Each structure stands twice: as structure tokens, then as C-alpha cells.
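Below is one structure, written out as C-alpha cells, with a few remarks after it.
No hydrogens, no waters, no symmetry mates; every other heavy atom, side chains included, goes into these values. Being a predicted model, the structure only gives us computed values, none of them experimental.
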Amino acid sequence: MHRRTAPRLARILACAAVPVMLVATGCSSDGDSGSKKESAKPTKAATPSAAPSAKAAKYAKLPEVCKTVDEKTIEKLVPKAEKKEGRALNTSDTNDTASCFWSGLNDADVKDLQFRSLTVSLKRFAADPTLGSGEKRAEEFEKQQVTKATTQDGAKDAKTDKVDGIGDSASVVSTETKKDDNDFKNQTVVTQTANVVVTVKYSGAGYEGAKSPNADDMKKGAQDVAKEVVGAIAKANQ
């Protein structure tokens with residue numbers, strides 16, 4: 001009896017130390033030593049489930065943000081821009097986030113001083129197994145950007161409208177703000193194109209008593225810029 005106990009105990013401990021899903025051979029007891037040994041097959045429960053997958057994002061990169069808007073467009077919307085080529089804003093990863101800024105004061109007529117500024121911001125989303133596809137993440141971010149535009153910089157009288165013909169979906173937010181005793185009219189277009197969200201903010205004011213810019217003209221200008229940027233994103237990923 002003592003000779004059989006030690007080998008039997010060794011086999012039991014060996015079986016207990018092997019993970020269930022890695023078991024390839026059976027461990028028999030003394031009572032089954034004379035029977036035919038069969039290989040144990042892992043059950044479905046023991047098979048590790050595949051990690052969730054997300055559809056690969058359509059756009060793999062962003063274009064050079066300051067080159068997404070034609071210089072002729074800048075001349076029209078931001079007369080006497082300090083830098084026609086724009087000023088790229090610092091970002092940690094230009095392949096996922098990028099912004100460019102233009103501003104200028106048109107003083108050709110001292111009785112009609114007109115200030116304009118334009119900001120183009122891009123945000124690219126990659127597919128993530130836990131967060132979803134790039135397109136889904138971009139859709140959620142688009143909604144956040146629209147909400148943000150309604151209150152940014154102390155905005156008031158916010159009005160949001162859906163617009164067609166720009167990307168996969170787009171909204172324009174019209175607001176008014178006050179800075180240094182000047183009344184600014186702002187038009188912000190937020191559009192999603194696949195896994196990229198484009199935010200265009202176009203602002204203007206008349207200085208020293210000059211008339212305020214026409215809101216409808218500014219809205220059209222902002223939408224024209226958004227269309228150019230969407231086209232530049234597609235072209236950069238051809």
C-alpha cells in the first residue's frame with residue numbers, strides 16, 4: 001500500500017497544477033490504471049474568447065492643417081491677414097490633432113475698421129476595441145464640439161442649425177460675444193467626415209464704431225472653409 005500511495009499522490013498534484021484549457025492528456029487514478037487513456041479535449045468554456053475588434057478607420061492621417069484652406073479664400077475672409085499661410089498651433093501629435101489660426105485688421109478705410117479671425121481645428125480618431133470605431137468616436141466628439149460652441153468665450157444668443165453638403169454630417173452654431181468693448185459675431189461649423197472632426201470658427205467685429213459684419217455672409221464663409229478642409233482630408237489620404 002505504501003508503495004502505491006506516493007506515485008498516486010504525485011499524479012494528483014501534477015494534474016492540479018496544469019491549467020484546465022492547457023490539459024492535453026488525462027490523469028488516471030489507480031483504479032483506472034488498466035483502462036485505455038483518452039486525450040481530454042478542451043471544452044468551449046475553456047477556450048479563450050476572441051478580443052473585440054473594431055473596423056479600421058478610413059483616414060490614417062491628417063493633412064497639413066494650414067494648407068487646407070486656399071490663400072485666395074484667406075484673402076477674401078481675412079483681409080490683410082498677418083500671415084496668409086496661417087499660424088499652426090502647438091499640439092502633441094499632429095497626426096491626430098491639428099489647428100491653424102489666421103487674423104487680420106482691414107484698415108483700408110479708417111472709418112470702417114474690420115477685424116476677422118479664422119481657426120481651423122482637426123481631430124482624428126482611430127478604431128479602439130473598447131471605445132468603438134473611429135467613425136463612432138468622431139460622431140460623439142462632433143456632438144461635444146457643437147455643444148461647446150454654444151457657450152464658448154461667454155457666447156450668447158446661440159443658434160444651431162444642421163447643414164447639408166459638408167462631410168457626413170455638419171452643424172453651424174451662430175453666436176455673439178463681447179471683447180474689449182467690441183461686439184463679435186461668430187460662426188462655428190462642426191463637421192464629421194468619416195473618422196475626422198473639423199471645427200471651423202470664423203469671427204468678426206467692426207472696431208471703433210464701425211458696423212458689425214453681416215452674419216449670413218460670415219456663415220457662408222465658414223461653410224466654404226469647412227468644405228475646403230473636408231476635401232483636403234480626402235486628398236491627403238488618397
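- By the neighbour-count criterion of 12 heavy atoms within 6.0 Å, atom CD of E85 is densely surrounded, having more than that number from other residues, nucleotides or ligands.
- With hydrophobic clusters built from ILVMFWY side chains whose heavy atoms lie under 4.5 angstrom apart, L77 shares a cluster with V229.
- Listed by chain and number, the residues in a salt bridge (charged side-chain N to carboxylate O under 4.0 Å, His left out) with E75 are K84 (sequence neighbours excluded).
- Distance CG/D112 to CG/N106: 7.5 Å, rounded to 0.5 Å.
- Between I166 and Q223, some side-chain heavy-atom pair lies under the 4.5 Å cut-off.
- Residues satisfying the salt bridge (charged side-chain N to carboxylate O under 4.0 Å, His left out) test with D164, not counting sequence neighbours, are none.
- Aromatic ring pairs are classed by plane angle as parallel below 30°, tilted from 30° to 60° and perpendicular above 60°; the pair F184 and F115 is perpendicular.
- The existence of a salt bridge linking D153 and K201 is confirmed by a sub-4.0 Å separation between a basic side-chain nitrogen and an acidic carboxylate oxygen.
- Sparse packing is recorded around NZ of K156, with 12 or fewer heavy atoms of other residues, nucleotides or ligands lying under 6.0 Å away.
- A continuous path of ILVMFWY side-chain contacts below 4.5 Å connects V200 to I233, so both sit in one hydrophobic cluster.
- No more than 12 heavy atoms of other residues, nucleotides or ligands shown are found within 6.0 angstrom of CG on D181.
- In terms of hydrophobic clustering, with Ile, Leu, Val, Met, Phe, Trp and Tyr side chains grouped at heavy-atom distances under 4.5 Å, V173 and M218 are assigned to different clusters.
- Judged as a salt bridge (charged side-chain N to carboxylate O under 4.0 Å, His left out), and not counting sequence neighbours, the contacts of D183 are K178.
- For D224 and K220, the salt-bridge test passes: some basic side-chain N is under 4.0 Å from an acidic carboxylate O.
- Considering D157, T160, T188, N186 as possible partners of T175, the one that fulfils the side chain to side chain donor-acceptor pair (under 3.5 Å) test is N186.
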